[in-house]
Undergrad: 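This structure is in structure tokens; I'll ask about it shortly.
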Amino acid sequence: MNKNIIKKKIYIKTWGCQMNDHDSSIVANILTQTNDYVVTKSPEISDILILNTCSIREKAQEKLFHQLGRWKKLKQKKPSILIAVGGCVAVQEGENIYKRAKFINIIFGPQTLHKLPKLIKQSYKNNNLIIDIKTKSLKKFNHSINKKINQKFTSFVTIIEGCNKYCSFCIVPYTRGAETSRNQKDILLEINKLTKIGVREIILLGQNVNAYRTYDVINKKKYNFSDLLYSISEIPKIDRIRYITSHPMEFSDDIIEAYKYIPQLTNFLHLPVQSGSNKILKLMKRGYSIEDYENIINKLKSIRPKISISSDFIVGFPGENDHDFQKTLQFISKINFDTSYSFIYSKRPGTRAAKLIDNTPIEEKKNRLAILQKKIIQQSFQWRRRMLGTTQSVLVEGYIKNNTQNLYGRTENNRIVYFKGKNELIGKLVSLKITDINYHTYLKGNIDKNQ
Ligand code: SAH
Ligand code: F3S
């Protein structure tokens with residue numbers, strides 16, 4: 001008998017950041033490993049529907065109930081469907097979700113997702129609502145996943161969960177809890193395993209990766225983020241190391257110095273500054289000034305002159321006036337950011353900023369966001385233009401769709417390059433001379449004969 005026939009079908013919908021995407025991969029991995037479940041791409045044919053939510057911005061609750069409304073209809077047709085709601089909104093809202101949507105079965109949190117096989121079994125047995133949101137231990141770390149992104153050569157590896165920074169606008173410390181670092185031995189083991197399935201680039205994941213701290217029992221000393229970077233750099237076959245996200249407050253000199261000794265660290269850094277006004281940074285409780293930030297970048301540039309920097313920005317924070325906004329624009333020019341994620345401030349219940357007076361009209365905020373984004377797009381294009389004629393290190397991902405002549409890969413600053421090359425280059429780093437650029441999409445290159 002085909003075993004698949006008896007497997008329950010699960011459908012997972014995810015909103016939010018890379019951490020949430022990664023959490024959903026862990027959920028899929030944990031459930032399929034039990035051999036009782038198979039992941040599908042369609043809620044209509046599934047037995048279990050899982051919603052992994054995010055509450056970082058906007059009316060997350062409304063979006064949630066909208067989605068649940070659609071699933072309610074499916075459940076009316078097929079009452080045996082089991083619905084589980086997880087992620088940050090689940091932690092924030094807990095039982096309130098059930099009060100408005102009595103047809104759901106399980107509420108779980110980012111820290112309890114590894115318990116899902118048990119919770120699902122329990123739910124089938126008792127048919128009661130199960131809420132399991134908070135836990136102190138991070139057992140989910142034990143469920144490492146050997147999954148490559150898009151079947152390519154890059155993989156995420158979680159190194160730390162939670163956040164202790166309490167930026168005044170942010171909900172994360174309330175939903176994902178305090179910073180908890182994963183044991184370094186497990187991280188290194190996972191990366192070693194990943195190299196065996198072809199992974200060449202890893203992205204270390206955490207709300208605050210540079211807050212990483214554990215203890216080295218063998219050498220009896222503290223072990224921090226830069227120690228971890230050095231350890232990873234010794235793993236053969238890891239050609240590139242990236243991480244998201246780091247915080248300027250703990251971007252210490254030892255991390256900067258690592259850029260001197262670890263060539264695998266890419267010439268690209270995402271370091272969110274949020275605003276170019278010290279007044280606003282103070283209100284945001286970010287713990288650094290724009291001068292501190294600039295200092296970090298200058299030190300990095302003295303080691304890696306070509307490093308490209310990206311950031312997150314919040315516009316329309318309570319108290320931000322036009323003068324503050326102009327300072328942000330000036331700072332964007334000064335640092336010459338390559339890319340950014342930018343958002344209009346969104347009031348999050350329970351955070352400190354929620355108490356601040358916010359009297360900037362939404363139209364004005366939208367206007368500021370449009371100006372900021374236009375500026376960044378222009379700068380980003382200039383970065384792209386300057387790549388013309390240069391030699392770039394590219395990690396080759398494969399052939400372009402429907403094309404057996406041209407390969408493509410990614411530069412350190414995340415630009416896609418098309419080039420002619422042979423099969424054996426897939427999964428390797430090559431040096432490409434950039435011969436053509438266009439505004440929005442890919443670059444073209446040739447294999448650098450001097451490499
Ligand atoms: N430690 C992570 C934070 C994750 S949140 C980091 O530094 O990237 C990702 C981004 O969402 C933040 O950098 C911030 O720019 C944005 N953000 C967080 N809370 C927000 C809010 N209440 N309104 C608007 N943007 C917010
Ligand atoms: Fe949020 Fe600030 Fe932490 S943005 S995740 S509280 S560093």
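First listed ligand is number 1; within each ligand, the first listed atom is number 1.
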Undergrad: Which ligand 2 atoms, with their elements, are less than 4.0 angstrom from a heavy-atom of Phe169?
TA: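 This gives 4 (S) as the contact atoms.
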Undergrad: Between Ile314 and ligand 1, find which residue part has any heavy-atom pair under 4.0 Å and reply side chain, backbone, both or neither.
TA: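 It is the side chain that touches ligand 1; the backbone stays farther off.
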Undergrad: Which atoms of ligand 2 are found less than 4.0 Å from any heavy atom of Arg286?
TA: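 Close to Arg286: 2 (Fe), 4 (S).
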Undergrad: Which residue and non-hydrogen atom of the protein lie closest to atom 6 (S) of ligand 2, and at what distance in Å?
TA: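 In this structure, atom 6 (S) of ligand 2 has Cys167 N, 3.4 Å as its nearest protein heavy atom.
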Undergrad: Among all protein heavy atoms, pick the one closest to atom 11 (O) of ligand 1 and tell me residue, atom and distance.
TA: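 So the nearest neighbour among protein heavy atoms is Arg57 NH1, 3.0 Å.
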Undergrad: Check the side chains of Ser181 and Glu179 for a donor-acceptor pair under 3.5 angstrom, ignoring hydrogens and angles.
TA: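 Looking only at side-chain atoms, Ser181 and Glu179 do not form any donor-acceptor pair under 3.5 Å.
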Undergrad: Any N/O/S atom, side chain or main chain, of Cys163 closer to atom 3 (Fe) of ligand 2 than 2.8 Å?
TA: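 Of the N, O and S atoms in Cys163, at least one lies under 2.8 Å from atom 3 (Fe) of ligand 2, which means yes.
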Undergrad: If you measure from each heavy atom of Cys163 to ligand 1, is any distance below 4.0 Å?
TA: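 Judged by the 4.0 Å heavy-atom criterion, Cys163 does not count as contacting ligand 1.
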Undergrad: Please report whether ligand 1 has a polar contact with Phe169, defined as an N or O pair separated by less than 3.5 Å (distance criterion only).
TA: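 Yes; the residue has a nitrogen or oxygen that sits under 3.5 Å from a nitrogen or oxygen of the ligand.
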Undergrad: Quick test of your reading of the model: are Arg410 and Glu397 salt-bridged, counting only N-O distances below 4.0 Å?
TA: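 Yes, Arg410 and Glu397 are salt-bridged.
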Undergrad: In terms of atom number and element, which parts of ligand 2 are under 4.0 angstrom from non-hydrogen atoms of Asn208?
TA: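 Numbered from 1, ligand 2 contributes 3 (Fe), 7 (S).
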Undergrad: Just to be sure I read this right, does ligand 2 sit under 4.0 Å from the backbone of Pro173, its side chain, both, or neither, counting only heavy atoms?
TA: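 For Pro173, only side-chain atoms sit under 4.0 Å from ligand 2.
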Undergrad: Please report which non-hydrogen protein atom sits nearest to atom 22 (N) of ligand 1, along with the residue it belongs to and the distance in Å to one decimal place.
TA: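 Its nearest protein heavy-atom neighbour is Ser346 O, 2.8 Å.
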Undergrad: Got a salt bridge between Lys185 and Asp216, using NZ or NE/NH1/NH2 to carboxylate O under 4.0 Å?
TA: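 No.
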Undergrad: Who's closest to atom 5 (S) of ligand 2 heavy-atom-wise, of Val172, Ile56, Asp312, Thr351?
TA: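 Closest candidate by heavy-atom distance is Val172.
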Undergrad: Which protein non-hydrogen atom lies closest to atom 10 (C) of ligand 1, naming both residue and atom, and how far is it?
TA: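 Of every protein heavy atom, Asp312 OD2, 3.4 Å lies nearest to atom 10 (C) of ligand 1.
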Undergrad: Which value, rounded to the nearest 0.5 Å, describes the distance between Ser55 atom OG and Arg176 atom CZ?
TA: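 Answer for the OG-CZ pair, Ser55 versus Arg176, is 9.0 Å.
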Undergrad: Backbone or side chain, does any N or O of Ser246 fall under 3.5 Å from an N or O of ligand 1?
TA: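 No, Ser246 has no N/O under 3.5 Å of an N/O on ligand 1.
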Undergrad: What is the closest protein heavy atom to atom 2 (C) of ligand 1, and at what distance does it sit?
TA: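 Protein heavy atom at minimum distance: Gln207 O, 3.4 Å.
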Undergrad: Could you tell me whether Asn208 and ligand 1 have an N or O pair separated by under 3.5 Å?
TA: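 No, no N or O pair falls under 3.5 Å.
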Undergrad: Any N/O of Thr245 closer than 3.5 Å to an N/O of ligand 1?
TA: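 Yes; at least one N/O pair falls below 3.5 Å.
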Undergrad: Would you compute the distance between atom OH of Tyr166 and atom NZ of Lys285 and round it to the nearest 0.5 angstrom?
TA: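 If I round to the nearest 0.5 Å, the distance is 14.0 Å.
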Undergrad: Only heavy atoms of Tyr166, strictly under 4.0 Å: list the atoms of ligand 2 that pass.
TA: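 Those of ligand 2 that fall under 4.0 Å from Tyr166 are 6 (S).
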Undergrad: Check whether any heavy atom of Val172 sits under 4.0 Å from an atom of ligand 1.
TA: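 No.
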Undergrad: Is a donor from one side chain sitting under 3.5 angstrom from an acceptor on the other, for Ser24 and Asn52?
TA: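 Side chains of Ser24 and Asn52: pair found under 3.5 Å.
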Undergrad: For Arg348, which part has a heavy atom under 4.0 Å from ligand 1: side chain, backbone, both, or neither?
TA: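 The answer is the side chain.
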Undergrad: So for ligand 1, is Gln274 a polar contact partner (N or O within less than 3.5 Å, distance only)?
TA: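 Yes: some nitrogen or oxygen of Gln274 is under 3.5 Å from one in ligand 1.
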Undergrad: Under a 4.0 angstrom heavy-atom cut-off, which atoms of ligand 1 come close to Phe343?
TA: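 Checking each atom against Phe343, I get 11 (O), 15 (O), 16 (C), 25 (N).
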Undergrad: Going by heavy atoms, is His247 under 4.0 Å from ligand 1?
TA: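 Checking ligand 1 against His247, which is what was asked, there is no heavy-atom contact under 4.0 Å.
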Undergrad: Rounded to the nearest 0.5 Å, what's the gap from CD1 on Ile83 to CG on Leu49? Could you check?
TA: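 The distance works out to 5.5 Å.
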Undergrad: Does His247 put an N, O or S atom under 2.8 Å from atom 2 (Fe) of ligand 2?
TA: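 Within the cut-off used here (under 2.8 Å), His247 places no N, O or S atom near atom 2 (Fe) of ligand 2.
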Undergrad: Identify the closest protein heavy atom to atom 5 (S) of ligand 1: which residue and atom is it, and at what distance?
TA: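 For this ligand atom, the closest protein heavy atom is Ile56 CD1, 3.4 Å.
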Undergrad: What about the rings of Tyr288 and Phe251, do their centers lie closer together than 6.0 Å?
TA: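 When the ring centroids of Tyr288 and Phe251 are compared, they turn out to be at least 6.0 Å apart.
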Undergrad: Determine whether the side chains of Ser46 and Thr40 contain a donor N or O and an acceptor N or O closer than 3.5 Å.
TA: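 Yes - a donor-acceptor pair under 3.5 Å links their side chains.
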Undergrad: Could a heavy atom of Ile344 be found less than 4.0 Å from some atom of ligand 1?
TA: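 Contact check Ile344 vs ligand 1: positive.
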Undergrad: Using 0.5 Å steps for rounding, measure from the CD atom of Gln326 to the CD1 atom of Ile371.
TA: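 Output value for this atom pair is 7.5 Å.
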Undergrad: When only distance counts, is Tyr345 in polar contact with ligand 1, meaning an N/O pair under 3.5 Å?
TA: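 Between Tyr345 and ligand 1 (N or O atoms, distance only) the closest approach is not under 3.5 Å.
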Undergrad: Please confirm whether the backbone N or O of Gly316 pairs with a side-chain atom of Glu320, one donor and one acceptor, at under 3.5 Å?
TA: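 It does hold such a pair.
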Undergrad: Under a 3.5 Å threshold, yes or no: a donor from one side chain and an acceptor from the other, between Ser231 and Tyr223?
TA: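 Per modelled atom types, Ser231 and Tyr223 side chains form a pair under 3.5 Å.
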Undergrad: Between Val396 and Tyr408, does the side chain to side chain contact (heavy atoms under 4.5 Å, CB included) criterion hold? Intermediate values first, please.
TA: CA-CA 6 Å; Val396 185; Tyr408 75 96; over 6 Å; no
Undergrad: Heavy-atom distances under 4.0 Å decide this one: backbone, side chain, both or neither, for Pro272 against ligand 1?
TA: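 Answer for Pro272: side chain.
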Undergrad: Less than 6.0 angstrom separating the ring centers of Tyr243 and His270, yes or no?
TA: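 Aromatic pair excluded; centres sit 6.0 Å or further apart.
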Undergrad: From atom 1 (Fe) of ligand 2 out to just under 2.8 Å, does an N/O/S atom of Cys170 turn up?
TA: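 Yes, since at least one N, O or S atom of Cys170 sits under 2.8 Å from atom 1 (Fe) of ligand 2.
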Undergrad: Is it true that a side-chain atom of Glu412 and a backbone atom of Asn267 form a donor plus acceptor pair closer than 3.5 Å?
TA: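 Yes, Glu412 side chain to Asn267 backbone: donor-acceptor pair under 3.5 Å.
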Undergrad: Start with the C-alpha gap between Glu201 and Thr154, add the side-chain angles, then the distance that decides, and say whether side-chain hydrogen bond (donor to acceptor under 3.5 Å, both in side chains) holds.
TA: CA-CA 5 Å; Glu201 175 180 70; Thr154 303; 2.7 Å; yes
Undergrad: So, Ser226 and Asp254: side-chain donor and acceptor under 3.5 Å apart, yes or no?
TA: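 A donor-acceptor contact under 3.5 Å links the two side chains.
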